[in-house]
Amino acid sequence: MEFNVLLQGNIFFGRGSLIKIVELSKHLGKITLIVTGKRSTKESGALSKLIEYLKDIGVNFVLFDKIEPNPTVEIVEEGGKVFLENGCESIIAIGGGSSIDAAKGIGVYAIYKEITPFLIQEKTLDKKIPPLIAIPTTSGTGSEVTKYTIITYNEKKLAIASPFITPDFAILDPELTLSMTPNIVRDTGIDALSHALEGLFSIGATPISDLFGYEAVKIIYKYLPRSFAKKGDFEAREMMYYASMIAGLQITISGTGIVHGMGYPLTVKYGFPHGFANALLMPYVFKFELPAQYEKMAKITELLGFDTGDVFSDAEEFLNILIDFYRILELPLTLKEVGVKEEDLPAFSQEVFKNERLKRIAPRSPEYEDILNIYKNAYNGVI
Ligand code: NAP
Ligand code: FE
């Protein structure tokens with residue numbers, strides 16, 4: 001056994017834990033930048049509660065509440081300028097993965113006064129961003145504990161991966177997830193599942209990341225349908241929140257894979273939520289990867305209690321379990337039924353094929369033709 005694992009960040013988890021922000025005052029400085037979306041944290045009351053706590057400890061704040069799903073370079077630069085103009089000393093991100101990712105990008109801008117060179121891999125970070133506290137309100141990305149930020153630049157979703165952007169503190173208060181609608185629960189929850197599965201199958205996986213991955217799969221399988229079905233099921237919401245966080249720790253070690261790479265163009269072109277786009281691809285990508293990862297797929301089948309004792313049929317069964325799970329969650333199974341145009345698939349495949357990092361960590365490195373075939377199978381529903 002041989003591995004190198006770096007996990008960072010101080011995690012507070014628990015009902016009502018938003019109040020932990022008061023214990024972090026010395027990390028916030030005199031003035032902090034709150035980064036959040038346009039509506040949900042106002043409607044749920046989360047933002048006003050946070051502001052109340054900041055007032056209690058005498059920390060001033062500037063509110064940057066312009067984050068939309070799949071944040072762009074432009075909005076990150078605007079936030080970075082607000083940070084600098086106001087002399088902010090720290091950042092609090094409260095919201096979904098988009099707000100947390102944007103906050104990481106704003107942190108990069110605050111230090112370097114630019115972000116694009118890092119996204120296009122022209123430069124790498126060599127300095128830590130200002131203190132960042134991440135307070136997630138969705139159960140999907142795990143961004144509150146990951147070393148990634150995903151920002152849209154020139155119609156492409158690009159990533160920065162660096163330990164210098166991992167949040168210093170993650171405050172996970174499951175009450176903040178109670179306001180999610182069923183569709184947000186589902187689309188973010190399936191993102192967490194895609195992290196757990198891609199993380200397990202990635203060649204960057206280690207025994208430690210696998211611990212998180214198998215545990216996250218078990219929890220998501222049990223609790224996502226409950227969380228989707230019923231708004232008031234606190235236990236299910238809490239467990240999904242936990243699972244998405246541990247899957248975040250997992251992918252910080254293992255990376256994700258081509259499900260993510262192939263999902264990005266679908267989100268950019270068609271506006272599908274990130275997790276929903278991943279869901280459209282998972283069964284087809286995993287069918288392609290099955291010969292390289294059948295033992296892990298069989299192990300998942302066993303963990304979920306459906307094993308037959310034969311490793312090859314158990315690996316195949318994993319795909320059936322996934323598809324049955326989609327039915328419970330009312331997820332579509334083909335690109336065709338959600339209006340994707342078949343003629344877009346070659347350009348999407350080109351874009352994914354150019355991503356060297358994804359190909360490196362994929363358990364079965366795909367050629368251009370393989371990627372196109374996976375898209376076509378997903379289009380037609382051929383597993
Ligand atoms: P999101 O884009 O942050 O939010 C989706 C929607 O959910 C928004 O309309 C938001 O409204 C709403 N919302 C958030 N919390 C809510 C709540 N508690 N109640 C009601 N509505 C709520 O969704 P996300 O899936 O969490 O984040 C997706 C982004 O993260 C993508 O850009 C993806 O690429 C990225 N991602 C990052 C990582 C990473 O490691 N950094 C990993 C995976 C994915 P408001 O806008 O009004 O708040
Ligand atoms: Fe994701």
Side-chain angles (χ1 to χ4, degrees), residues 9 18 34-47 65-72 75-76 93-105 132 134-153 156-162 165-167 170 172-199 216 227 231 237 240-241 244-245 247-268 271-279 281-282:
L18 183 58
I34 301 178
V35 178
T36 192
K38 290 189 168 160
R39 273 183 305 272
S40 72
T41 55
K42 291 180 195 117
E43 285 168 8
S44 70
L47 181 63
D65 57 355
K66 294 187 177 176
I67 310 303
E68 290 182 352
N70 310 302
T72 59
I75 208 76
V76 166
I94 183 164
S98 295
S99 292
I100 300 173
D101 279 5
K104 290 173 177 174
L132 171 61
I135 308 171
T137 62
T138 58
S139 298
T141 70
S143 182
E144 68 278 8
V145 294
T146 73
K147 62 175 180 186
Y148 308 112
T149 178
I150 315 291
I151 309 287
T152 305
Y153 170 68
K156 290 197 173 53
K157 279 173 80 78
L158 301 177
I160 300 174
S162 166
I165 59 172
T166 307
L172 289 105
D173 181 345
E175 283 195 9
L176 303 179
T177 69
L178 290 174
S179 54
M180 281 192 289
T181 61
N183 279 358
I184 295 177
V185 167
R186 179 194 62 189
D187 296 342
T188 58
I190 209 81
D191 185 29
L193 181 66
S194 74
H195 296 163
L197 294 173
E198 285 219 281
S227 186
K231 226 177 169 179
R237 293 276 162 123
M240 279 305 302
Y241 201 46
S244 82
M245 183 268 287
L249 294 171
Q250 177 196 6
I251 60 168
T252 276
I253 302 167
S254 64
T256 54
I258 60 170
V259 168
H260 272 72
M262 293 178 67
Y264 291 155
L266 291 175
T267 292
V268 171
F272 300 137
H274 168 66
F276 183 88
N278 288 352
L281 298 158
M282 272 199 282

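Every value quoted in this text rests on a predicted model; they were computed, and no experiment measured them. All ligand and atom numbering here is 1-based and tracks the order in the structure.
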Test your reading of the structure: does His260 have an N or O sitting under 3.5 Å from an N or O of ligand 1? no
Show the nearest heavy-atom pair for residues Phe272 and Leu266, with the distance to one decimal. CD1-O, 3.8 Å
Which pair of non-hydrogen atoms, one from Gly97 and one from Thr138, has the smallest distance, and what is that distance? N-OG1, 3.9 Å
Pro136 and Ala134: which non-hydrogen atoms are nearest, and at how many Å? CD-O, 3.6 Å
Side chains of Glu198 and Asn278: closer than 4.5 Å at any heavy-atom pair? no
Note, Val268 side chain near Lys156 side chain (heavy atom, < 4.5 Å): no
Quick one: does Thr149 get an N or O within less than 3.5 Å of an N or O on ligand 1? no
Could you please compute the angle at the Fe ion (ligand 2) from NE2 of His260 to NE2 of His274, rounded to 10°? 100°
Give the atoms of ligand 1, by number and element, whose distance to some non-hydrogen atom of Gly37 is under 4.0 Å. 46 (O), 48 (O)
Identity of the nearest option to atom 20 (C) of ligand 1, non-hydrogen atoms only, from Gly248, Ser179, Gly263: Ser179
Using a 4.0 Å heavy-atom cut-off, say whether Glu68 meets ligand 1 through its side chain, its backbone, both or neither. neither
Show which atoms of ligand 1 fall inside a sub-4.0 Å distance from at least one heavy-atom site of Pro69. 2 (O), 8 (C)
For ligand 1, find out whether one of its N or O atoms is nearer than 3.5 Å to an N or O atom of His195. no
Considering only protein heavy atoms, which is closest to atom 23 (O) of ligand 1, and at what distance to one decimal place? Gly97 N, 4.2 Å
If you measure from each non-hydrogen atom of Ile184 to ligand 1, which part falls under 4.0 Å: side chain, backbone, both or neither? side chain
Ligand 1 atoms nearer than 4.0 angstrom to some heavy atom of Thr188 are 25 (O)
Looking only at atom types and distance, does a side-chain atom of Arg237 sit under 3.5 Å from a main-chain N or O of Glu175, one as donor and one as acceptor? no
Whether the Lys104 and Ser162 side chains hold a donor-acceptor pair (N or O, under 3.5 Å, no angle test) is what I'd like checked. no
For atom 14 (C) of ligand 1, what's the nearest protein heavy-atom neighbour? Residue, atom name and distance, please. Thr138 CG2, 3.4 Å
Once rounded to 10°, what is the value of the angle centred on the Fe ion (ligand 2) between Asp191 OD1 and His195 NE2? 80°
Numbered atoms and elements of ligand 1 in range of Lys157, under 4.0 angstrom, heavy atoms: 31 (C), 32 (O), 33 (C), 34 (O)
Of all protein heavy atoms, the one nearest atom 45 (P) of ligand 1 is Ser40 OG, 3.5 Å
Ser143 versus Asp101, closest heavy-atom pair with distance: OG-OD1, 2.7 Å
Proximal ligand 1 atoms for Leu176, defined as those under 4.0 Å from one of its heavy atoms: 18 (N)
If you have a sec, work out which protein heavy atom is nearest atom 29 (C) of ligand 1 and how many Å separate them, to one decimal? Ser98 OG, 3.5 Å
Heavy-atom distances under 4.0 Å are what count here, so tell me which part of Lys38 touches ligand 1: side chain, backbone, both or neither. backbone
Which residue is it: Thr141, Asn70, Asp191? I am looking for the one with a side-chain hydrogen bond (donor to acceptor under 3.5 Å, both in side chains) to His274. Asp191
Taken to the nearest 0.5 Å, the spacing of His260 NE2 from Thr267 OG1 works out to 9.5 Å
Shortest protein heavy-atom distance from atom 30 (O) of ligand 1, along with the residue and atom involved: Thr141 CG2, 3.3 Å
Can you find a side-chain donor-acceptor pair between Ser139 and Thr177 that sits under 3.5 Å? no
Enumerate the atoms of ligand 1 whose separation from the nearest heavy atom of Arg39 is less than 4.0 angstrom. 47 (O)
Starting from atom 41 (N) of ligand 1, find the nearest protein heavy-atom neighbour and note its residue, name and distance. Asp101 OD1, 2.7 Å
Please check this pair: side chain of Thr152 against backbone of Thr72, looking for a donor-acceptor N/O pair closer than 3.5 Å. no
Which protein non-hydrogen atom lies closest to atom 15 (N) of ligand 1, naming both residue and atom, and how far is it? Thr137 OG1, 2.8 Å
Out of all atoms in ligand 1, which are within 4.0 Å of some heavy atom of Thr146? Include the element for each. 39 (C), 40 (O), 41 (N)
For the pair Thr36 (side chain) and Ile94 (backbone), establish whether a donor and an acceptor sit closer than 3.5 Å, ignoring hydrogens and angles. yes
Can you see which heavy atom on Thr149 is nearest to which on Gly105, and at what distance? OG1-N, 4.3 Å
I need the atoms of ligand 1 closer than 4.0 Å to a non-hydrogen atom of Gly96, numbered in the order shown. 3 (O), 26 (O)
